2 protein chains.
Amino acid sequence: MKHRDDESTAELPAVCKACDVRHGGICQTMSPLQLRELNRHTKRKAIEPGAEVHCQGEPVVSYANVIKGVVKLTKVMADGRQQIVGLQFVPDFIGHPFLKENSLSAEAATEAEICAVSKSALDRMVAATPDLERHLHSQAQAELEEARSWMLTLGRMSAREKVASLLCLVSTHCDPKVDHSLDFELPLSRQDIGDFLGLTIETVSRQITKLRQERLIKVENNRHVTILDLRRLRQAACLGT
Amino acid sequence: MKHRDDESTAELPAVCKACDVRHGGICQTMSPLQLRELNRHTKRKAIEPGAEVHCQGEPVVSYANVIKGVVKLTKVMADGRQQIVGLQFVPDFIGHPFLKENSLSAEAATEAEICAVSKSALDRMVAATPDLERHLHSQAQAELEEARSWMLTLGRMSAREKVASLLCLVSTHCDPKVDHSLDFELPLSRQDIGDFLGLTIETVSRQITKLRQERLIKVENNRHVTILDLRRLRQAACLGT
DNA sequence: CGATGTCTTGAAGCAGTTCAACCAGGGTGG
DNA sequence: CCACCCTGGTTGAACTGCTTCAAGACATCG
(Lines give C-alpha, C1' and ligand atoms only; values in the text may rest on other atoms or scores of the structure.)
Protein backbone atom coordinates (compact mmCIF):
# COMPACT_ATOMS: atom_id res chain seq x y z
CA MET A 1 0.00 0.00 0.00
CA LYS A 2 1.34 3.40 -0.94
CA HIS A 3 0.96 6.17 1.57
CA ARG A 4 2.43 8.96 -0.51
CA ASP A 5 -0.83 10.86 -0.77
CA ASP A 6 -1.73 12.75 2.33
CA GLU A 7 -4.96 10.96 3.16
CA SER A 8 -6.61 13.89 4.86
CA THR A 9 -6.35 16.20 1.86
CA ALA A 10 -6.85 13.63 -0.88
CA GLU A 11 -9.70 14.51 -3.16
CA LEU A 12 -13.01 12.84 -2.54
CA PRO A 13 -14.60 11.25 -5.62
CA ALA A 14 -17.23 13.56 -7.13
CA VAL A 15 -20.07 11.06 -6.65
CA CYS A 16 -19.21 10.75 -2.98
CA LYS A 17 -19.09 14.49 -2.42
CA ALA A 18 -22.68 14.79 -3.55
CA CYS A 19 -23.76 11.63 -1.71
CA ASP A 20 -26.19 11.91 1.18
CA VAL A 21 -24.83 8.88 2.95
CA ARG A 22 -21.16 9.85 2.72
CA HIS A 23 -21.13 10.15 6.50
CA GLY A 24 -23.30 7.11 7.17
CA GLY A 25 -23.11 3.43 6.35
CA ILE A 26 -19.82 1.80 5.48
CA CYS A 27 -18.47 4.95 3.84
CA GLN A 28 -18.06 6.73 7.15
CA THR A 29 -15.30 4.31 8.11
CA MET A 30 -13.22 5.08 5.03
CA SER A 31 -10.62 7.71 4.28
CA PRO A 32 -10.82 9.81 1.10
CA LEU A 33 -8.03 7.69 -0.30
CA GLN A 34 -9.94 4.51 0.33
CA LEU A 35 -13.09 5.98 -1.12
CA ARG A 36 -11.20 6.79 -4.29
CA GLU A 37 -9.90 3.25 -4.41
CA LEU A 38 -13.37 1.84 -3.77
CA ASN A 39 -14.95 4.21 -6.23
CA ARG A 40 -13.28 2.48 -9.13
CA HIS A 41 -15.45 -0.55 -8.41
CA THR A 42 -18.77 1.05 -7.52
CA LYS A 43 -21.75 1.99 -9.62
CA ARG A 44 -24.77 4.00 -8.62
CA LYS A 45 -28.06 2.67 -9.87
CA ALA A 46 -31.63 3.87 -9.72
CA ILE A 47 -34.10 1.04 -9.34
CA GLU A 48 -37.84 0.93 -9.83
CA PRO A 49 -40.21 -0.64 -7.31
CA GLY A 50 -40.16 -4.39 -7.81
CA ALA A 51 -36.74 -4.43 -9.51
CA GLU A 52 -34.27 -6.87 -8.02
CA VAL A 53 -30.88 -5.99 -6.59
CA HIS A 54 -30.06 -9.66 -6.41
CA CYS A 55 -31.96 -12.93 -6.37
CA GLN A 56 -32.20 -15.88 -3.98
CA GLY A 57 -30.05 -18.76 -5.22
CA GLU A 58 -27.75 -16.72 -7.46
CA PRO A 59 -24.04 -16.45 -6.67
CA VAL A 60 -22.95 -13.40 -4.66
CA VAL A 61 -21.14 -11.09 -7.05
CA SER A 62 -21.67 -7.70 -5.46
CA TYR A 63 -22.80 -5.80 -2.40
CA ALA A 64 -24.71 -2.55 -2.26
CA ASN A 65 -25.54 0.40 -0.08
CA VAL A 66 -29.02 1.90 0.05
CA ILE A 67 -28.77 5.57 -0.96
CA LYS A 68 -32.45 6.33 -1.37
CA GLY A 69 -35.72 4.52 -0.74
CA VAL A 70 -36.39 1.15 0.86
CA VAL A 71 -35.22 -2.30 -0.19
CA LYS A 72 -37.03 -5.42 1.01
CA LEU A 73 -35.29 -8.71 1.67
CA THR A 74 -37.49 -11.67 0.87
CA LYS A 75 -37.41 -15.44 1.03
CA VAL A 76 -39.66 -17.57 -1.11
CA MET A 77 -40.57 -21.21 -0.73
CA ALA A 78 -40.73 -23.71 -3.58
CA ASP A 79 -44.51 -23.39 -3.73
CA GLY A 80 -44.39 -19.60 -3.93
CA ARG A 81 -45.19 -18.68 -0.34
CA GLN A 82 -43.17 -15.61 0.50
CA GLN A 83 -41.85 -13.86 3.59
CA ILE A 84 -40.16 -10.51 3.91
CA VAL A 85 -37.29 -11.05 6.33
CA GLY A 86 -35.88 -7.55 6.49
CA LEU A 87 -36.24 -3.98 5.33
CA GLN A 88 -33.12 -2.03 4.43
CA PHE A 89 -33.37 1.72 4.79
CA VAL A 90 -30.86 4.48 4.04
CA PRO A 91 -27.88 3.96 4.62
CA ASP A 92 -27.99 0.21 5.23
CA PHE A 93 -25.68 -2.30 3.61
CA ILE A 94 -27.02 -5.13 1.47
CA GLY A 95 -25.20 -8.39 0.87
CA HIS A 96 -23.81 -11.56 2.33
CA PRO A 97 -20.15 -11.54 3.22
CA PHE A 98 -18.98 -15.15 3.78
CA LEU A 99 -21.66 -16.60 1.51
CA LYS A 100 -21.16 -18.01 -1.98
CA GLU A 101 -24.84 -17.90 -2.84
CA ASN A 102 -27.56 -15.40 -1.98
CA SER A 103 -29.92 -16.89 0.57
CA LEU A 104 -32.58 -14.29 -0.15
CA SER A 105 -33.72 -11.80 -2.76
CA ALA A 106 -33.31 -8.05 -2.40
CA GLU A 107 -35.89 -6.01 -4.23
CA ALA A 108 -36.76 -2.33 -4.26
CA ALA A 109 -39.97 -1.67 -2.33
CA THR A 110 -40.11 1.95 -3.44
CA GLU A 111 -38.29 4.10 -5.94
CA ALA A 112 -34.73 3.60 -4.77
CA GLU A 113 -31.08 4.18 -5.44
CA ILE A 114 -28.19 1.95 -4.53
CA CYS A 115 -24.44 2.13 -4.73
CA ALA A 116 -23.27 -1.29 -5.90
CA VAL A 117 -19.76 -2.61 -5.20
CA SER A 118 -18.13 -5.71 -6.61
CA LYS A 119 -17.66 -8.42 -4.04
CA SER A 120 -13.99 -8.93 -4.72
CA ALA A 121 -13.14 -5.24 -4.33
CA LEU A 122 -14.98 -4.81 -1.06
CA ASP A 123 -13.73 -8.11 0.35
CA ARG A 124 -10.18 -6.92 -0.32
CA MET A 125 -10.78 -3.65 1.46
CA VAL A 126 -12.49 -5.32 4.40
CA ALA A 127 -9.48 -7.55 4.90
CA ALA A 128 -7.23 -4.48 4.96
CA THR A 129 -9.44 -2.23 7.09
CA PRO A 130 -10.34 -3.45 10.57
CA ASP A 131 -12.73 -0.52 11.06
CA LEU A 132 -14.68 -1.57 8.02
CA GLU A 133 -15.00 -5.14 9.18
CA ARG A 134 -16.04 -3.82 12.57
CA HIS A 135 -18.73 -1.67 10.98
CA LEU A 136 -20.13 -4.57 8.98
CA HIS A 137 -20.03 -6.76 12.06
CA SER A 138 -21.88 -4.12 13.99
CA GLN A 139 -24.59 -3.81 11.35
CA ALA A 140 -24.92 -7.59 11.21
CA GLN A 141 -25.50 -7.64 14.97
CA ALA A 142 -28.08 -4.88 14.65
CA GLU A 143 -29.89 -6.76 11.89
CA LEU A 144 -29.74 -9.93 13.93
CA GLU A 145 -31.38 -8.10 16.80
CA GLU A 146 -34.10 -6.76 14.48
CA ALA A 147 -34.70 -10.18 12.97
CA ARG A 148 -35.08 -11.72 16.41
CA SER A 149 -37.46 -9.02 17.57
CA TRP A 150 -39.47 -9.70 14.48
CA MET A 151 -39.52 -13.42 15.28
CA LEU A 152 -41.35 -12.51 18.48
CA THR A 153 -43.80 -10.45 16.43
CA LEU A 154 -44.35 -13.26 13.92
CA GLY A 155 -44.62 -16.03 16.45
CA ARG A 156 -46.57 -14.51 19.27
CA MET A 157 -48.55 -11.46 18.24
CA SER A 158 -52.13 -11.09 17.01
CA ALA A 159 -52.90 -9.54 13.63
CA ARG A 160 -53.76 -6.23 15.26
CA GLU A 161 -50.52 -6.17 17.22
CA LYS A 162 -48.54 -7.10 14.13
CA VAL A 163 -49.97 -4.28 12.05
CA ALA A 164 -49.43 -1.75 14.84
CA SER A 165 -45.86 -3.03 15.20
CA LEU A 166 -45.20 -2.54 11.51
CA LEU A 167 -46.47 1.03 11.61
CA CYS A 168 -44.20 1.76 14.58
CA LEU A 169 -41.25 0.14 12.82
CA VAL A 170 -41.70 2.20 9.68
CA SER A 171 -42.24 5.40 11.65
CA THR A 172 -38.92 4.92 13.44
CA HIS A 173 -36.92 3.99 10.33
CA CYS A 174 -38.26 5.81 7.32
CA ASP A 175 -36.52 9.11 8.00
CA PRO A 176 -32.87 8.71 9.01
CA LYS A 177 -32.86 12.22 10.42
CA VAL A 178 -35.62 11.93 13.02
CA ASP A 179 -36.41 9.40 15.71
CA HIS A 180 -40.10 9.04 15.11
CA SER A 181 -41.99 10.46 12.12
CA LEU A 182 -45.69 10.89 12.76
CA ASP A 183 -46.43 11.38 9.09
CA PHE A 184 -44.94 9.26 6.33
CA GLU A 185 -45.41 7.34 3.10
CA LEU A 186 -45.74 3.61 3.61
CA PRO A 187 -42.91 2.01 1.62
CA LEU A 188 -44.90 -1.22 1.33
CA SER A 189 -48.03 -2.30 -0.49
CA ARG A 190 -50.71 -4.24 1.38
CA GLN A 191 -49.33 -7.41 -0.15
CA ASP A 192 -45.85 -6.56 1.11
CA ILE A 193 -47.18 -5.83 4.55
CA GLY A 194 -48.88 -9.20 4.55
CA ASP A 195 -45.66 -10.88 3.45
CA PHE A 196 -43.79 -9.12 6.23
CA LEU A 197 -46.31 -9.92 8.96
CA GLY A 198 -47.23 -13.44 7.90
CA LEU A 199 -50.81 -12.40 7.19
CA THR A 200 -53.09 -12.20 4.19
CA ILE A 201 -53.72 -8.94 2.42
CA GLU A 202 -57.36 -8.98 3.59
CA THR A 203 -56.45 -9.31 7.25
CA VAL A 204 -53.98 -6.44 6.92
CA SER A 205 -56.63 -4.28 5.31
CA ARG A 206 -59.18 -5.05 8.01
CA GLN A 207 -56.75 -4.26 10.81
CA ILE A 208 -55.74 -0.97 9.22
CA THR A 209 -59.39 -0.06 8.86
CA LYS A 210 -59.93 -0.78 12.56
CA LEU A 211 -56.96 1.31 13.65
CA ARG A 212 -58.31 4.10 11.48
CA GLN A 213 -61.80 3.81 12.96
CA GLU A 214 -60.33 3.96 16.45
CA ARG A 215 -58.53 7.18 15.49
CA LEU A 216 -55.03 5.83 16.15
CA ILE A 217 -54.02 6.62 12.59
CA LYS A 218 -55.22 8.42 9.50
CA VAL A 219 -54.67 7.02 6.00
CA GLU A 220 -54.77 8.95 2.73
CA ASN A 221 -54.38 7.52 -0.76
CA ASN A 222 -53.73 4.07 0.75
CA ARG A 223 -50.08 4.87 1.32
CA HIS A 224 -49.85 8.06 3.32
CA VAL A 225 -50.11 7.42 7.06
CA THR A 226 -50.48 9.94 9.88
CA ILE A 227 -50.12 8.72 13.43
CA LEU A 228 -52.80 10.45 15.49
CA ASP A 229 -52.16 8.81 18.85
CA LEU A 230 -48.62 7.47 19.18
CA ARG A 231 -49.06 6.36 22.76
CA ARG A 232 -52.02 4.13 22.00
CA LEU A 233 -50.43 2.86 18.79
CA ARG A 234 -47.32 1.80 20.69
CA GLN A 235 -49.55 0.17 23.26
CA ALA A 236 -51.34 -1.72 20.51
CA ALA A 237 -47.91 -2.85 19.30
CA CYS A 238 -46.98 -4.03 22.82
CA LEU A 239 -44.18 -1.46 23.06
CA GLY A 240 -45.35 -0.09 26.40
CA THR A 241 -46.29 3.55 26.89
CA MET B 1 2.72 -6.69 22.05
CA LYS B 2 5.62 -8.85 23.14
CA HIS B 3 6.61 -11.63 20.86
CA ARG B 4 9.38 -13.06 22.99
CA ASP B 5 7.58 -16.32 23.63
CA ASP B 6 7.58 -18.60 20.67
CA GLU B 7 3.85 -18.79 20.17
CA SER B 8 3.82 -22.20 18.57
CA THR B 9 5.46 -23.88 21.53
CA ALA B 10 3.83 -21.82 24.28
CA GLU B 11 1.96 -23.97 26.75
CA LEU B 12 -1.76 -24.29 26.27
CA PRO B 13 -3.80 -23.72 29.45
CA ALA B 14 -4.75 -27.02 31.06
CA VAL B 15 -8.49 -26.40 30.75
CA CYS B 16 -8.10 -25.74 27.05
CA LYS B 17 -6.06 -28.88 26.44
CA ALA B 18 -8.90 -30.97 27.73
CA CYS B 19 -11.56 -28.89 25.99
CA ASP B 20 -13.62 -30.45 23.22
CA VAL B 21 -14.13 -27.17 21.42
CA ARG B 22 -10.51 -26.08 21.49
CA HIS B 23 -10.49 -26.35 17.70
CA GLY B 24 -13.97 -24.92 17.16
CA GLY B 25 -15.69 -21.66 18.01
CA ILE B 26 -13.72 -18.55 18.76
CA CYS B 27 -10.84 -20.50 20.30
CA GLN B 28 -9.69 -21.85 16.95
CA THR B 29 -8.67 -18.35 15.91
CA MET B 30 -6.37 -17.88 18.89
CA SER B 31 -2.75 -18.73 19.45
CA PRO B 32 -1.66 -20.61 22.59
CA LEU B 33 -0.36 -17.31 23.91
CA GLN B 34 -3.68 -15.61 23.42
CA LEU B 35 -5.51 -18.51 24.97
CA ARG B 36 -3.33 -18.18 28.05
CA GLU B 37 -4.09 -14.49 28.16
CA LEU B 38 -7.82 -15.10 27.70
CA ASN B 39 -7.78 -17.90 30.18
CA ARG B 40 -7.15 -15.54 33.05
CA HIS B 41 -10.62 -14.11 32.47
CA THR B 42 -12.65 -17.21 31.72
CA LYS B 43 -14.58 -19.53 33.91
CA ARG B 44 -16.15 -22.85 33.04
CA LYS B 45 -19.58 -23.43 34.46
CA ALA B 46 -21.99 -26.33 34.44
CA ILE B 47 -25.61 -25.23 34.23
CA GLU B 48 -28.82 -27.09 34.88
CA PRO B 49 -31.78 -27.04 32.48
CA GLY B 50 -33.67 -23.80 33.03
CA ALA B 51 -30.73 -21.96 34.58
CA GLU B 52 -29.96 -18.60 33.02
CA VAL B 53 -26.69 -17.59 31.44
CA HIS B 54 -27.93 -14.03 31.27
CA CYS B 55 -31.26 -12.25 31.36
CA GLN B 56 -33.11 -9.89 29.02
CA GLY B 57 -32.73 -6.30 30.22
CA GLU B 58 -29.63 -6.79 32.32
CA PRO B 59 -26.36 -5.10 31.36
CA VAL B 60 -23.93 -7.12 29.26
CA VAL B 61 -21.04 -8.12 31.53
CA SER B 62 -19.80 -11.28 29.90
CA TYR B 63 -19.90 -13.55 26.89
CA ALA B 64 -19.82 -17.32 26.76
CA ASN B 65 -19.09 -20.30 24.60
CA VAL B 66 -21.26 -23.39 24.61
CA ILE B 67 -19.08 -26.36 25.55
CA LYS B 68 -21.79 -28.95 26.11
CA GLY B 69 -25.55 -29.12 25.67
CA VAL B 70 -27.97 -26.64 24.14
CA VAL B 71 -28.74 -23.08 25.20
CA LYS B 72 -31.96 -21.40 24.11
CA LEU B 73 -32.24 -17.68 23.42
CA THR B 74 -35.63 -16.29 24.36
CA LYS B 75 -37.53 -13.06 24.24
CA VAL B 76 -40.48 -12.37 26.51
CA MET B 77 -43.17 -9.76 26.21
CA ALA B 78 -44.49 -7.65 29.08
CA ASP B 79 -47.53 -9.92 29.40
CA GLY B 80 -45.44 -13.09 29.55
CA ARG B 81 -45.80 -14.36 26.00
CA GLN B 82 -42.52 -15.93 25.02
CA GLN B 83 -40.63 -16.76 21.86
CA ILE B 84 -37.42 -18.73 21.42
CA VAL B 85 -35.37 -16.79 18.88
CA GLY B 86 -32.35 -19.01 18.61
CA LEU B 87 -30.73 -22.24 19.73
CA GLN B 88 -27.02 -22.27 20.48
CA PHE B 89 -25.27 -25.58 20.07
CA VAL B 90 -21.66 -26.58 20.68
CA PRO B 91 -19.41 -24.59 19.95
CA ASP B 92 -21.52 -21.46 19.41
CA PHE B 93 -20.78 -18.10 20.95
CA ILE B 94 -23.33 -16.37 23.22
CA GLY B 95 -23.47 -12.65 23.79
CA HIS B 96 -24.00 -9.22 22.29
CA PRO B 97 -20.92 -7.33 21.25
CA PHE B 98 -21.84 -3.66 20.67
CA LEU B 99 -24.77 -3.80 23.08
CA LYS B 100 -24.95 -2.32 26.55
CA GLU B 101 -27.97 -4.31 27.58
CA ASN B 102 -29.01 -7.87 26.82
CA SER B 103 -31.91 -7.89 24.39
CA LEU B 104 -32.77 -11.48 25.19
CA SER B 105 -32.33 -14.16 27.81
CA ALA B 106 -30.02 -17.14 27.39
CA GLU B 107 -31.08 -20.22 29.30
CA ALA B 108 -29.90 -23.81 29.30
CA ALA B 109 -32.35 -26.09 27.52
CA THR B 110 -30.50 -29.24 28.58
CA GLU B 111 -27.71 -30.08 30.96
CA ALA B 112 -25.02 -27.79 29.65
CA GLU B 113 -21.58 -26.35 30.15
CA ILE B 114 -20.32 -22.97 29.14
CA CYS B 115 -17.02 -21.15 29.16
CA ALA B 116 -17.77 -17.60 30.31
CA VAL B 117 -15.52 -14.63 29.50
CA SER B 118 -15.69 -11.13 30.88
CA LYS B 119 -16.85 -8.60 28.32
CA SER B 120 -13.94 -6.23 28.85
CA ALA B 121 -11.32 -8.92 28.38
CA LEU B 122 -12.79 -10.29 25.19
CA ASP B 123 -13.51 -6.84 23.75
CA ARG B 124 -9.86 -5.98 24.25
CA MET B 125 -8.72 -9.12 22.47
CA VAL B 126 -11.18 -8.63 19.63
CA ALA B 127 -9.82 -5.15 19.02
CA ALA B 128 -6.29 -6.58 18.85
CA THR B 129 -7.08 -9.67 16.78
CA PRO B 130 -8.66 -9.16 13.35
CA ASP B 131 -9.15 -12.90 12.92
CA LEU B 132 -11.23 -13.00 16.07
CA GLU B 133 -13.44 -10.13 14.95
CA ARG B 134 -13.77 -11.86 11.62
CA HIS B 135 -14.86 -15.07 13.28
CA LEU B 136 -17.48 -13.31 15.39
CA HIS B 137 -18.70 -11.44 12.34
CA SER B 138 -18.97 -14.69 10.44
CA GLN B 139 -20.99 -16.33 13.21
CA ALA B 140 -23.25 -13.28 13.41
CA GLN B 141 -23.93 -13.60 9.68
CA ALA B 142 -24.66 -17.30 10.07
CA GLU B 143 -27.06 -16.62 12.95
CA LEU B 144 -28.70 -13.86 10.93
CA GLU B 145 -29.27 -16.32 8.12
CA GLU B 146 -30.77 -18.85 10.54
CA ALA B 147 -33.01 -16.23 12.12
CA ARG B 148 -34.30 -15.17 8.71
CA SER B 149 -34.94 -18.74 7.63
CA TRP B 150 -36.88 -19.18 10.81
CA MET B 151 -38.91 -16.05 10.07
CA LEU B 152 -40.12 -17.82 6.95
CA THR B 153 -41.03 -20.82 9.07
CA LEU B 154 -42.87 -18.71 11.64
CA GLY B 155 -44.66 -16.51 9.15
CA ARG B 156 -45.65 -18.87 6.40
CA MET B 157 -45.68 -22.47 7.50
CA SER B 158 -48.47 -24.65 8.87
CA ALA B 159 -48.19 -26.35 12.25
CA ARG B 160 -47.25 -29.64 10.62
CA GLU B 161 -44.55 -28.02 8.51
CA LYS B 162 -43.21 -26.15 11.53
CA VAL B 163 -42.85 -29.28 13.63
CA ALA B 164 -41.20 -31.17 10.78
CA SER B 165 -38.84 -28.21 10.28
CA LEU B 166 -37.86 -28.24 13.93
CA LEU B 167 -37.09 -31.94 13.84
CA CYS B 168 -34.89 -31.41 10.78
CA LEU B 169 -33.17 -28.47 12.43
CA VAL B 170 -32.32 -30.43 15.55
CA SER B 171 -31.18 -33.45 13.56
CA THR B 172 -28.69 -31.31 11.65
CA HIS B 173 -27.35 -29.43 14.64
CA CYS B 174 -27.40 -31.65 17.69
CA ASP B 175 -24.22 -33.55 16.90
CA PRO B 176 -21.38 -31.29 15.75
CA LYS B 177 -19.58 -34.31 14.31
CA VAL B 178 -22.21 -35.51 11.82
CA ASP B 179 -24.33 -33.82 9.20
CA HIS B 180 -27.61 -35.45 9.96
CA SER B 181 -28.34 -37.59 13.00
CA LEU B 182 -31.27 -39.93 12.53
CA ASP B 183 -31.48 -40.71 16.19
CA PHE B 184 -31.24 -38.09 18.92
CA GLU B 185 -32.49 -36.68 22.21
CA LEU B 186 -34.74 -33.67 21.75
CA PRO B 187 -33.09 -30.81 23.65
CA LEU B 188 -36.48 -29.11 24.07
CA SER B 189 -39.63 -29.82 26.05
CA ARG B 190 -43.00 -29.59 24.31
CA GLN B 191 -43.42 -26.15 25.83
CA ASP B 192 -40.07 -25.04 24.42
CA ILE B 193 -40.96 -26.41 21.00
CA GLY B 194 -44.18 -24.43 21.12
CA ASP B 195 -42.28 -21.31 22.11
CA PHE B 196 -39.89 -21.85 19.25
CA LEU B 197 -42.57 -22.50 16.64
CA GLY B 198 -45.15 -19.99 17.78
CA LEU B 199 -47.61 -22.76 18.63
CA THR B 200 -49.32 -24.10 21.71
CA ILE B 201 -48.07 -27.17 23.46
CA GLU B 202 -51.23 -29.04 22.45
CA THR B 203 -50.78 -28.35 18.75
CA VAL B 204 -47.17 -29.49 18.94
CA SER B 205 -48.22 -32.69 20.63
CA ARG B 206 -50.91 -33.41 18.04
CA GLN B 207 -48.54 -32.84 15.13
CA ILE B 208 -45.89 -35.08 16.64
CA THR B 209 -48.50 -37.76 17.15
CA LYS B 210 -49.51 -37.49 13.49
CA LEU B 211 -45.92 -37.72 12.23
CA ARG B 212 -45.52 -40.76 14.43
CA GLN B 213 -48.70 -42.38 13.09
CA GLU B 214 -47.52 -41.76 9.54
CA ARG B 215 -44.24 -43.56 10.38
CA LEU B 216 -42.03 -40.58 9.60
CA ILE B 217 -40.59 -40.67 13.09
CA LYS B 218 -40.52 -42.82 16.21
CA VAL B 219 -40.65 -41.29 19.70
CA GLU B 220 -39.57 -42.95 22.92
CA ASN B 221 -39.85 -41.47 26.41
CA ASN B 222 -41.15 -38.23 24.91
CA ARG B 223 -37.66 -37.00 24.20
CA HIS B 224 -35.90 -39.63 22.15
CA VAL B 225 -36.62 -39.26 18.44
CA THR B 226 -35.73 -41.61 15.61
CA ILE B 227 -36.22 -40.44 12.06
CA LEU B 228 -37.67 -43.34 10.09
CA ASP B 229 -38.13 -41.63 6.73
CA LEU B 230 -35.85 -38.64 6.29
CA ARG B 231 -36.96 -37.97 2.74
CA ARG B 232 -40.61 -37.62 3.65
CA LEU B 233 -39.80 -35.67 6.80
CA ARG B 234 -37.80 -33.16 4.81
CA GLN B 235 -40.64 -32.97 2.35
CA ALA B 236 -43.06 -32.25 5.18
CA ALA B 237 -40.68 -29.48 6.26
CA CYS B 238 -40.65 -28.04 2.74
CA LEU B 239 -36.94 -28.76 2.36
CA GLY B 240 -37.36 -30.54 -0.94
CA THR B 241 -36.17 -34.11 -1.49
C1' DC C 1 -48.43 -45.31 47.24
C1' DG C 2 -50.19 -40.79 46.39
C1' DA C 3 -48.19 -36.61 44.42
C1' DT C 4 -46.31 -33.93 40.90
C1' DG C 5 -44.89 -32.51 36.43
C1' DT C 6 -45.08 -33.49 31.54
C1' DC C 7 -47.47 -35.05 27.72
C1' DT C 8 -51.72 -36.56 25.14
C1' DT C 9 -56.46 -36.47 23.72
C1' DG C 10 -61.09 -34.55 23.05
C1' DA C 11 -64.62 -30.95 22.22
C1' DA C 12 -65.93 -26.22 21.56
C1' DG C 13 -64.70 -21.60 20.12
C1' DC C 14 -62.55 -18.13 17.46
C1' DA C 15 -58.99 -15.54 14.84
C1' DG C 16 -57.48 -15.43 10.53
C1' DT C 17 -58.03 -17.45 5.81
C1' DT C 18 -60.45 -18.16 1.59
C1' DC C 19 -63.36 -16.95 -1.92
C1' DA C 20 -66.04 -13.64 -4.11
C1' DA C 21 -67.96 -9.26 -4.92
C1' DC C 22 -67.25 -4.48 -4.90
C1' DC C 23 -64.95 0.13 -5.05
C1' DA C 24 -61.74 3.96 -6.33
C1' DG C 25 -58.25 5.91 -9.07
C1' DG C 26 -55.70 6.13 -13.47
C1' DG C 27 -54.66 5.15 -17.93
C1' DT C 28 -56.06 3.97 -22.89
C1' DG C 29 -58.40 4.09 -26.90
C1' DG C 30 -62.52 4.43 -29.68
C1' DC D 1 -64.98 12.81 -23.42
C1' DC D 2 -66.91 8.95 -21.85
C1' DA D 3 -66.67 3.78 -21.91
C1' DC D 4 -63.48 0.52 -20.90
C1' DC D 5 -60.35 -1.97 -18.30
C1' DC D 6 -56.78 -2.79 -14.96
C1' DT D 7 -54.49 -2.59 -10.61
C1' DG D 8 -54.60 -2.18 -5.68
C1' DG D 9 -57.48 -1.90 -1.84
C1' DT D 10 -61.78 -2.84 0.93
C1' DT D 11 -65.68 -5.43 2.61
C1' DG D 12 -68.68 -9.51 3.44
C1' DA D 13 -69.78 -14.47 4.42
C1' DA D 14 -68.38 -19.15 4.97
C1' DC D 15 -64.82 -22.07 6.33
C1' DT D 16 -60.82 -24.06 8.83
C1' DG D 17 -56.69 -24.65 11.48
C1' DC D 18 -55.15 -23.49 15.61
C1' DT D 19 -56.28 -22.26 20.36
C1' DT D 20 -58.64 -22.84 24.62
C1' DC D 21 -60.36 -25.32 28.19
C1' DA D 22 -60.90 -29.54 30.48
C1' DA D 23 -59.98 -34.25 31.42
C1' DG D 24 -57.14 -38.27 31.26
C1' DA D 25 -52.58 -40.96 30.67
C1' DC D 26 -47.95 -41.68 31.88
C1' DA D 27 -43.70 -41.46 34.04
C1' DT D 28 -40.77 -40.02 37.97
C1' DC D 29 -40.01 -39.30 42.78
C1' DG D 30 -40.47 -38.44 47.50
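Hydrogens, waters and symmetry mates play no part in the numbers below; they use all other heavy atoms, side chains included. Within every chain, numbering begins at 1; the chains are lettered A, B, ... in the order of the sequence lines, protein sequences first and strands thereafter. This structure is a prediction, so every number in the text was calculated from the model and none was measured.
For the pair B:D192 CG and C:dT6 C1', the computed distance is 12 Å after rounding to whole Å. For A:Q191 and C:dT18, the CD to P distance is 11 Å, given to the nearest whole Å. The distance between atom NZ of A:K162 and atom P of C:dA15, rounded to the nearest whole Å, is 14 Å. Per the geometry, CG belonging to A:N222 stands 11 Å off P belonging to D:dT11, to the nearest Å. Here C:dG25 presents its P atom at 17 Å from NE2 of A:H224, a figure rounded to the nearest Å. Whole-Å rounding puts the A:I201 CD1 to C:dG16 P distance at 17 Å. As a whole-Å value, the separation of A:E220 CD from C:dG25 P is 13 Å. A:L186 places its CG atom 15 Å from the P atom of D:dG8, with the value rounded to the nearest Å.
A salt bridge links B:R160 to B:E214: one of the charged nitrogens lies within less than 4.0 Å of a carboxylate oxygen. Look at B:R215 and B:D229 and you find no salt bridge, because none of the NZ, NE, NH1 or NH2 atoms lies under 4.0 Å from a carboxylate O.
Not a single donor-acceptor pair under 3.5 Å links the side chain of B:Q207 to the backbone N or O of B:A159. Of the possible polar contacts, one joining the B:R223 side chain to the B:L186 backbone as a donor-acceptor pair under 3.5 Å is found.
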**Asked** For B:S158 and B:E161, what are the C-alpha separation, side-chain angles and deciding distance, and is it a side chain to side chain donor-acceptor pair (under 3.5 Å)?
**Response** CA-CA 5 Å; B:S158 67; B:E161 292 165 336; 3.3 Å; yes
**Message:** Using the rule given for side chain to side chain donor-acceptor pair (under 3.5 Å), can you reason through A:Q56 versus A:E101, listing the C-alpha separation, both sets of side-chain angles and the distance that settles it, and then say yes or no?
**Reply:** CA-CA 8 Å; A:Q56 185 172 354; A:E101 195 175 273; over 6 Å; no
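Ring pair A:H224/A:F184: centre-to-centre distance not below 6.0 Å.
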**Message:** Strictly under 4.0 angstrom, non-hydrogen atoms only: write out the protein contact profile of nucleotides 14-30 of chain D, one letter per nucleotide from the 5' end, B, S or -.
**Reply:** ----SBBB---------
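Stems are defined here as 3 or more consecutive Watson-Crick or G-U wobble pairs with pairing distances under 3.5 Å; those involving DNA chain D are C:1-30 with D:1-30.
A side-chain N or O of A:E143 and one of A:Q139 form a donor-acceptor pair less than 3.5 Å apart.
At the phosphate of D:dT11, OP1 or OP2 sits under 4.0 Å from a side-chain N or O atom of A:T209.
Scored by the salt bridge (Lys or Arg N to Asp or Glu O under 4.0 Å) test, B:D183 finds no partners at all (sequence neighbours excluded).
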